[in-house]
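Since the structure comes first, as structure tokens, the remarks are kept for the end.
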Amino acid sequence: MARKKAAVSANNLSDLIKKFARNDVIAELEKEYQTHNSRDIPLSQIDDSPFIKKAIFSPERIEELGKSVKEKGIFSPLVVRPAGSHYEVILGRKRYFGAKKAGLETVPCVICQVSDEETLLMILADSRDQRDSNIVEMALLYDELIRRFHYRQKTLANLSHQSRSQVTNSLRLLTLPDSIIREVSKGRLSYGHARAIAPLSEEEIYEAVRLIHKNHLSVRETEFLAKTLGSKAQKDNLLEQLEEVTGAIKISVGRKSCYFGFPSEEEKEKFIQFLFTKEPPFSKK
């Protein structure tokens, strides 16, 4: 019985991948939904998708979206799904924020009953096919599909029409502090800059971002900066270990010199003895 369930699950996954890997899947879905009866729903009853809330728009972008809605109206209904007494946006997120900025009270919607998994795949396909797709949004969707539905990166690469390494690099963005993720989402820090600093410690990341903005660093310059900061962290760690081993209270390294400071004459003599005997005569107790 368990095997049969597993087989059904595998077939369902195969069908979903085949469906959502297509280039025209969102266009076909929207065309299909346009034949359904839409209804006006108060904006106060519609919420943003909980899966991609961290992928926020900049105030400037929201201003543009609001202006577009004021001038052109809502040209296509939003696709939403029930969520308790409210609804969640599936397709039409930009129209949703544009309508809110424009001060509309209601928006036309098609109500769709779909699972969390299919909702994630619909949003992923929509984000993939947009020219100005948000890399943070893609990363959040990847993460949800991996954690909750055990998708492999190879499968996500197929669904998003990207390489596996691109999926991996996108996911690394989520290791950044939330404030930096917001900067990437708003377009104030590029994907290339964020990818370069992702391996650094939190303190180094904030310092790198400060220098990026202050000096208007290119991605290549940022990659060099990340190597420099990373090397500095490694050097500091090595110096701390050396202080522990030698008994020194301070070690500083210059271009052509190295200074060792000791808490006492006795500790200094022990260190000198170590240099000649190559046996550590001291111990930390």
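We use all heavy atoms of the structure for the numbers below, so side chains are in, but hydrogens, waters and symmetry mates are not.
- In this structure, L120 CG and S49 OG are separated by 7.0 Å, a value rounded to the nearest 0.5 Å.
- In summary, E265 and K268 engage in a salt bridge, as defined by a charged side-chain N under 4.0 Å from a carboxylate O.
- Put simply, the side chain of N169 gets close to the backbone of S165: a donor and an acceptor are under 3.5 Å apart.
- In terms of heavy atoms, I135 sits closest to S170 at CD1-OG, 3.4 Å.
- Both V184 and V167 are assigned to one and the same hydrophobic cluster, defined by single-linkage of ILVMFWY side chains at heavy-atom distances under 4.5 Å.
- Closest heavy-atom contact between V110 and S38: CG2-CB, 4.1 Å.
- Cluster membership for Y191 and I56, using ILVMFWY side-chain heavy atoms within less than 4.5 angstrom, is not shared.
- Side chain of T175 to main chain of R172: a donor-acceptor pair is present (N/O by atom type, distance under 3.5 Å, no hydrogens or angles).
- The backbone N or O of I123 lies less than 3.5 Å from no partner atom in the side chain of S127, so there is not a single donor-acceptor pair.
- Note on I90: it does not cluster hydrophobically with Y87, by side-chain heavy-atom contacts below 4.5 Å among ILVMFWY residues.
- With hydrogens and angles left out, the side-chain atoms of Q162 and Y142 include a donor and acceptor closer than 3.5 Å.
- Of all heavy-atom pairs between A196 and E223, the closest is CB-CG, 3.8 Å.
- We find that R182 and D178 are not joined by a salt bridge, their nearest charged nitrogen and carboxylate oxygen being 4.0 Å or further apart.
- Side-chain N or O atoms of N134 include one that pairs as donor or acceptor with a backbone N or O of S185 at under 3.5 Å.
- The nearest pair of heavy atoms linking A139 to L174 is O-CD1, 3.5 Å.
- Panel note: side chain Y96, backbone I46; a donor-acceptor pair is recorded below 3.5 Å.
- A donor-acceptor pair shorter than 3.5 Å can be found between the side chains of H213 and E183.
- L173 and L145 fall within the same hydrophobic cluster, where Ile, Leu, Val, Met, Phe, Trp and Tyr residues are linked whenever their side-chain heavy atoms come under 4.5 Å apart, directly or through other members.
- A donor-acceptor pair is defined here as one N or O able to donate and one able to accept, closer than 3.5 Å; no such pair exists between the side chain of Q45 and the backbone of P42.
- Within the 3.5 Å criterion, the main-chain N or O of F224 finds a donor-acceptor partner in the side chain of T228.
- Taken to the nearest 0.5 Å, the CD1 atom of I197 stands 10.5 Å off from the CD atom of E204.
- Salt-bridge check for R93 with E137: passed, with a basic side-chain N closer than 4.0 Å to an acidic carboxylate O.
- Atom CD1 of residue I212 and atom OG of residue S218 lie 9.5 Å apart, to the nearest 0.5 angstrom.
- At a threshold of 4.5 Å between non-hydrogen side-chain atoms, the residues V80 and C112 do not count as touching.
- To the nearest 0.5 Å, the span separating OG1 on T119 from CG on L91 amounts to 9.0 Å.
- E144 places none of its side-chain heavy atoms less than 4.5 Å from the side chain of Y151.
- Without hydrogens or angle criteria, R81 side chain to V89 main chain gives no donor-acceptor distance under 3.5 Å.
- Figure legend: cation-pi geometry between R147 and F149 absent, as NZ or CZ is not positioned both under 6.0 Å from the six-membered ring centre and within 45° of its axis.
- Within 6.0 Å of CZ in R220 there are 12 or fewer heavy atoms belonging to other residues, nucleotides or ligands.
- Hydrophobic clustering, with ILVMFWY side chains joined whenever heavy atoms are under 4.5 angstrom apart, groups I52 together with L171.
- A side-chain donor-acceptor contact under 3.5 Å links R128 to the backbone of L159.
- When atom types are taken as modelled, the side chain of E64 and the backbone of R61 share no donor-acceptor pair closer than 3.5 angstrom.
- Between I111 and R39, some side-chain heavy-atom pair lies under the 4.5 Å cut-off.
- Under the 6.0 Å distance and 45° angle rule, R95 counts as a cation-pi partner of F75.
- None of K186, R188, K67, K101 except one satisfies the salt bridge (charged side-chain N to carboxylate O under 4.0 Å, His left out) rule with E60; the exception is R188.
- Considering SG of C109 and CD1 of I74, their distance stands at 9.0 Å, rounded to 0.5 Å.
- Scanning all heavy atoms of the two residues, the minimum distance from A99 to V69 falls at N-CG2, 3.8 Å.
- L121 contributes atom CG, which lies 5.5 Å from atom CD of E117 (distance to the nearest 0.5 angstrom).
- Side-chain contact annotation: Q130 with S133, donor-acceptor N/O pair under 3.5 Å absent.
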